Amino acid sequence: MPSFEQVCQKVFSQPQWQRKLFIGGVLSFIPVANFLAFGFLYQIAKRIRLRQDLELPEWEKWDKLFLDGLRFFSLFCPFFLLPVGCGYLFSKVLLGISFGYAGIFAYVPFCALLVISPILLSVGLSCFVASEDYRELQNTKKIIYLCLSGGTRLIVPLLALFGLLVIGFPLFGFAFFLGFVLFLSYSSTLFIIIQKNKQ
C-alpha cells in the first residue's frame, strides 16, 4: 500500500504539475469557473477508481470538466458542506443553551464533523465515480465500512489538508485545490485497496 509521501512524490514528479495546479488554484477563486476546478478533482478520483492511474488530468475538454464539476459539487454538498454546516449549527445551539459556559467545548461537534467530512466526500466519490449512479450512495453500510477502514492511515493526509487550508488561508483557492488534489489522490487509492482486500 503506497504511503501518503509516495503519493505526493508521484503527483509532484509529473510533467507540468505546477501549471496544472496553478490553473486549478486560479479557477478556484472564480465563481462558476470554480466548477472546472471541481471537475479536475472529480477526474482525479475517477481515474484512480477506474484505472488506478495517479496521473493528473489535462486542462482540456472544458465542457466535460464543467459537467464533472457539477457531479463533484452534487457530492460535495451532502458529504462535506452539510455535515460541516450541521456541526456548526449544533455547536452554536450548545453554546446558546449553556449561556456561553460551554465555551470552547461547544465546538467539539463542529470540529469532529469538519474532520470527518473530507473522508465522507472521498468515500462518496469512490463509490459514485465507477458507475456515476447515485443509487450507489444509498449503500450506507459500504460507506460506513470504508470510512472506518481508512482509520489511522488518513490522519497524516487530513493534517496535511487542514494545514494547507490554515497556512494558505489568504490564498484559499490555491490551498483548497492543492489540499484536495493530494487528499483525494491518497484516499481514493486507499479505498480501492481496501475494497480489493475485502473481496
Side-chain angles (χ1 to χ4, degrees), residues 1-12 17-18 20-30 34-35 37-45 48 54 56 69 72-92 94-95 102-127 143-144 146-194:
M1 182 177 297
S3 66
F4 181 61
E5 181 184 4
Q6 289 171 327
V7 170
C8 290
Q9 287 175 347
K10 175 71 174 173
V11 170
F12 294 138
W17 67 266
Q18 299 99 326
K20 291 179 180 180
L21 297 183
F22 179 78
I23 292 171
V26 170
L27 290 173
S28 296
F29 281 106
I30 306 169
N34 58 1
F35 283 99
F38 288 164
F40 191 92
L41 295 174
Y42 181 87
Q43 288 186 9
I44 287 174
I48 292 171
L54 263 172
L56 294 174
F72 181 90
F73 190 68
S74 72
L75 300 174
F76 186 75
C77 288
F79 286 102
F80 190 91
L81 290 182
L82 184 62
V84 170
C86 288
Y88 180 77
L89 289 175
F90 189 59
S91 292
K92 284 295 185 181
L94 282 178
L95 199 61
I104 195 169
F105 296 105
Y107 288 96
V108 169
F110 170 64
C111 293
L113 286 168
L114 188 63
V115 169
I116 292 168
S117 56
I119 301 171
L120 281 173
L121 174 62
S122 183
V123 168
L125 276 168
S126 184
C127 293
I143 289 172
I144 292 169
L146 287 174
C147 286
L148 294 176
S149 298
T152 55
R153 289 170 288 194
L154 289 170
I155 292 174
V156 172
L158 280 170
L159 288 174
L161 172 63
F162 288 115
L164 278 168
L165 293 176
V166 171
I167 293 169
F169 187 74
L171 297 172
F172 187 77
F174 287 101
F176 174 90
F177 187 73
L178 174 60
F180 271 98
V181 164
L182 297 177
F183 181 78
L184 290 176
S185 294
Y186 177 76
S187 59
S188 298
T189 304
L190 174 64
F191 293 137
I192 288 172
I193 294 170
I194 289 171

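Just so it is clear, the model here is predicted, and its values are computed rather than measured. Nothing fancy with the numbering, it's 1 onward along the sequence.
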Considering the options Phe177, Phe172, Phe174, which one meets the ring-ring contact (aromatic ring centres under 6.0 Å, His included) requirement together with Phe29?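 Of Phe177, Phe172, Phe174, ring-ring contact (aromatic ring centres under 6.0 Å, His included) with Phe29 is met by Phe174 alone.
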Side chains of [X] and [Y]: closer than 4.5 Å at any heavy-atom pair?
| X | Y | answer |
| --- | --- | --- |
| Ile119 | Ser187 | no |
| Leu56 | Val11 | yes |
| Leu121 | Phe180 | yes |
| Ile116 | Pro83 | no |
| Phe35 | Ile30 | no |
| Ile48 | Leu184 | no |
| Leu125 | Leu41 | no |
| Val84 | Leu114 | yes |

With no hydrogens and no angle check, is any side-chain donor or acceptor of [X] less than 3.5 Å from a backbone partner on [Y]?
| X | Y | result |
| --- | --- | --- |
| Ser122 | Pro118 | no |
| Trp17 | Phe12 | yes |
| Lys10 | Leu54 | no |

Point-to-point distance, once rounded to the nearest 0.5 Å, from [atom1] of [X] to [atom2] of [Y]:
| X | Y | atom1 | atom2 | value |
| --- | --- | --- | --- | --- |
| Leu81 | Leu75 | CG | CG | 11.5 Å |
| Leu171 | Ser28 | CG | OG | 11.5 Å |
| Leu159 | Leu154 | CG | CG | 11.0 Å |
| Ile193 | Ser188 | CD1 | OG | 11.0 Å |
| Phe176 | Asn34 | CZ | CG | 8.5 Å |
| Arg153 | Ile194 | CZ | CD1 | 4.5 Å |

What heavy-atom pair brings [X] and [Y] nearest, and what distance separates the two atoms?
| X | Y | answer |
| --- | --- | --- |
| Val123 | Cys147 | CG2-SG, 3.7 Å |
| Val7 | Pro2 | CG2-CB, 4.3 Å |
| Tyr186 | Pro157 | CD2-CG, 3.4 Å |
| Gly87 | Leu113 | CA-CD1, 3.5 Å |
| Ile143 | Cys127 | CG1-SG, 4.2 Å |
| Pro78 | Leu82 | O-CB, 3.7 Å |

Heavy-atom neighbours of Glu5 CD exceed 12 at 6.0 Å: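 No, the 6.0 Å shell around CD holds no more than 12 heavy atoms from other groups.
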Residues, nucleotides or ligands: over 12 heavy atoms within 6.0 Å of Phe90 CZ: no
Tell me, with the steps shown, if Thr189 and Gln6 meet side chain to side chain contact (heavy atoms under 4.5 Å, CB included). CA-CA 11 Å; Thr189 304; Gln6 289 171 327; over 6 Å; no
Can you label the angle between the [X] ring and the [Y] ring as parallel, tilted or perpendicular, going by 30° and 60°?
| X | Y | result |
| --- | --- | --- |
| Phe73 | Phe38 | parallel |
| Phe76 | Phe72 | parallel |
| Tyr107 | Tyr88 | tilted |

